[in-house]
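Step one of this worksheet: look at the structure below.
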Amino acid sequence: MLTLGIETSCDETSVAVVEDGRTVRSNVILSQAIHTKFGGVVPEVASREHLKTIVPIYRQALDESGVTLEQIGLVAATMGPGLVGPLLVGLSFAKGLAYSRQIPFVPVNHLEGHLAANMLAHHDLKTHHLTLVVSGGHTMLVEVFGVGEYSILGKTRDDAAGEAFDKVAKILGLGYPGGAALDKLARQGNPAYFRFPRAVRSEEYQFSYSGLKTAVALHVQSLSAEALEKHRADIAASFQAAAVDVLVEKTVAAANDRNVSDVTISGGVAANSRLRALLSEKLAQVGKRCLFPPMDLCTDNAAMIAAAGYYRYQKFGAGELVANAVPYLALE
Ligand code: KG4
Ligand code: ZN
C-alpha cells in the first residue's frame with residue numbers, strides 16, 4: 001500500500017510517499033529559511049510559508065515517487081503536537097485530498113512519527129524496545145510495546161535537549177537553529193576544557209537543561225572577547241559533552257532496567273555525532289543494540305509520518321476527517 005504523508009508541525013513543509021511502511025519512494029523536505037533572521041520560528045510566518053509551498057511540495061513528492069494520486073491508498077498527516085497554524089495547513093490539505101478522492105485518512109501524532117522513523121529504517125527492530133526522543137520540543141525516554149502502546153519513563157522538566165543546543169548555539173553566534181552547527185564546531189574543540197553541570201541526580205529518568213544552558217551563558221559572560229574567540233570550539237565541545245553524557249547515562253540505565261535489547265534514538269538531536277557514537281559504544285558494552293535513523297529521517301520529515309500512519313492504519317483502521325489540530329497532543 002502506498003501512503004502519502006504530510007508534515008507541517010513547525011518550520012518544515014514536507015510531503016512523502018512510502019510503500020508498506022518500509023520503502024521511501026519520495027521524501028521532499030523544505031526547511032523555511034525565513035526564520036533565521038528572527039532567531040527563532042515565528043508561527044504566523046511559518047503558517048504563511050506552508051500555505052505557499054504545500055501544493056508545489058506535494059506535486060514534487062508525487063513526481064519523484066513515480067506514483068499518481070490514483071495509486072495512493074492512504075493519506076496521513078501530523079495533527080500535533082506543534083504550532084496550531086502550521087499544523088492546520090497540512091492537516092486541512094490532507095483531509096481535503098482524502099475527502100475529494102475518497103482515500104482513507106489517518107491523523108498522526110508527530111512524536112509517534114519520530115518513533116516510526118526507526119521502524120522505517122530498521123526492519124528488524126524488536127517490537128518491544130526503548131526509545132530516546134530528543135528534538136527541539138521534546139526530550140523523553142519511552143518504552144515501546146507496540147504501535148500505540150507507549151510508556152513514558154521520564155521527560156524533561158524544563159527545556160528540551162534541542163532547545164538547549166539551539167540556545168547555546170545562539171550564545172556562540174552560530175545562528176538558528178544551531179544544533180547541527182554546534183555539533184560541527186564541537187568536533188574541533190576539547191570536551192574536557194570546562195566541566196559544565198550534569199543534571200543526573202534529579203529523579204531517575206527526568207532530564208533538565210535550563211541549568212546547563214545558564215551555566216554556559218554565565219561562563220561566556222565571564223570571558224574576555226579574545227578568550228571567547230579562542231575557546232568557542234572548546235565551549236561547544238564541553239557543552240555538548242555535558243548535554244550528551246546525561247542522555248547516554250540515563251538511556252543505558254533505562255535499557256538495563258527495562259530489559260530491552262534494542263534502543264533507538266529519534267528526533268532532530270538523534271543527528272548529533274557524539275550522541276550516536278557514545279550511546280552506541282555504551283550500549284554495545286552491555287550487549288544491546290543502538291539504532292538511529294539516517295540523517296534525513298532524524299529531523300522533521302513526512303516519510304516518518306507516512307510510516308506511522310500506515311502502522312496505525314494496519315492496527316486501528318482509518319481515522320476521522322473531523323480530526324483537528326492539537327498543539328499539545330500527548331504521546332500516551
Ligand atoms: O525533530 P526536529 O527536526 O524538530 C522538532 O520536532 O523539534 O528537531 C530539531 C532540533 C533542533 O533543536 C536542532 O538544533 C536539533 O534538532 N539538531 C541537532 C543536530 N541536528 C539537529 N542537535 C544537535 N546536534 C545535531 N547534529
Ligand atoms: Zn520533530
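Remember, it's 1-based here, ligands and their atoms both numbered in the order they're listed. Counting begins at 1 with the first residue of the sequence.
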Notebook entry, point to check: Would C10 count as a contact for the Zn ion (ligand 2), in the sense that one of its N, O or S atoms lies under 2.8 Å from it?
Noted result: no
Next item on the list: Look at the rings of H114 and H110 and say which category their plane angle falls in: under 30° parallel, 30 to 60° tilted, over 60° perpendicular.
Entry: perpendicular
Check: Yes or no on side chain to side chain donor-acceptor pair (under 3.5 Å) for T53 and T13, after CA distance, side-chain angles and deciding distance?
Finding: CA-CA 7 Å; T53 56; T13 316; 3.2 Å; yes
Next item on the list: Would you mind listing which atoms of ligand 1 come within a distance below 4.0 Å of any non-hydrogen atom of G137?
Entry: 7 (O)
Note to self: Checking the N or O distance criterion of under 3.5 Å, is ligand 1 in contact with H110?
What the structure shows: yes
Margin query: Closer than 4.0 Å to some heavy atom of T299 - which atoms of ligand 1 meet that?
Written below: 3 (O)
Next item on the list: Using distance alone, decide if ligand 1 has a nitrogen or oxygen within less than 3.5 Å of any nitrogen or oxygen in N272.
Entry: yes
Note to self: Between D124 and R289, does any NZ, NE, NH1 or NH2 come within less than 4.0 Å of an OD or OE carboxylate oxygen?
What the structure shows: yes
Next item on the list: Ignoring angles and geometry beyond distance, decide whether F165 reaches within less than 3.5 Å of ligand 1 through its nitrogen or oxygen atoms.
Entry: no
Check: Any idea which atoms of ligand 1 are less than 4.0 Å away from a heavy-atom of G162?
Finding: 12 (O)
Check: Is there an N/O/S atom in H138 that lies less than 2.8 Å from the Zn ion (ligand 2)?
Finding: no
Notebook entry, point to check: Which protein heavy atom lies closest to atom 9 (C) of ligand 1, and at what distance to 0.1 Å?
Noted result: G136 N, 3.8 Å
Checklist line | Neighbour count >12 (heavy atoms, 6.0 Å) for atom NZ, K315 | finding: yes
Next item on the list: Spell out, yes or no, whether F194 and I171 are grouped together once hydrophobic residues are joined by side-chain heavy atoms under 4.5 Å, including indirect joins.
Entry: yes
Check: Considering only heavy atoms, which of G178, G268, A169, G82 lies nearest to atom 21 (C) of ligand 1?
Finding: G268
Item checked: Which residue and heavy atom of the protein sit nearest atom 22 (N) of ligand 1, plus the separation -> G179 CA, 3.6 Å
Next item on the list: Just to the nearest 10 degrees, tell me the angle at the Zn ion (ligand 2) spanned by H114 NE2 and H110 NE2.
Entry: 90°
Checklist line | Polar contact flag, side-chain donor to acceptor under 3.5 angstrom, N301-S14 | finding: no
Note to self: If we count only N and O atoms by modelled type, under 3.5 Å, do the side chains of S47 and E44 hold a donor and an acceptor together?
What the structure shows: no
Margin query: Angle between ring planes, Y193 versus H231, binned at 30° and 60°: parallel, tilted or perpendicular?
Written below: parallel
Notebook entry, point to check: Does the ring center of F239 lie less than 6.0 Å from the ring center of F165?
Noted result: yes
Notebook entry, point to check: Quick one: nearest non-hydrogen protein atom to atom 2 (P) of ligand 1, plus distance?
Noted result: D300 OD1, 3.3 Å
Checklist line | Proximal atoms of ligand 1 relative to H114 (non-hydrogen, under 4.0 Å) | finding: 1 (O), 6 (O)
Check: What protein heavy atom sits nearest atom 13 (C) of ligand 1, and how far away is it?
Finding: D166 OD1, 3.7 Å
Note to self: Given I235, which partner from the list L185, N190, L228 fulfils the side-chain contact (heavy atoms from CB on, under 4.5 Å) test?
What the structure shows: L228
Next item on the list: Tell me which N, O or S atom of D300 sits nearest to the Zn ion (ligand 2).
Entry: OD1
Check: What residue and heavy atom of the protein are closest to atom 26 (N) of ligand 1, and at what distance?
Finding: D183 OD2, 2.9 Å
Checklist line | Closest non-hydrogen atom pair, M79 against L87 | finding: O-CD1, 3.7 Å
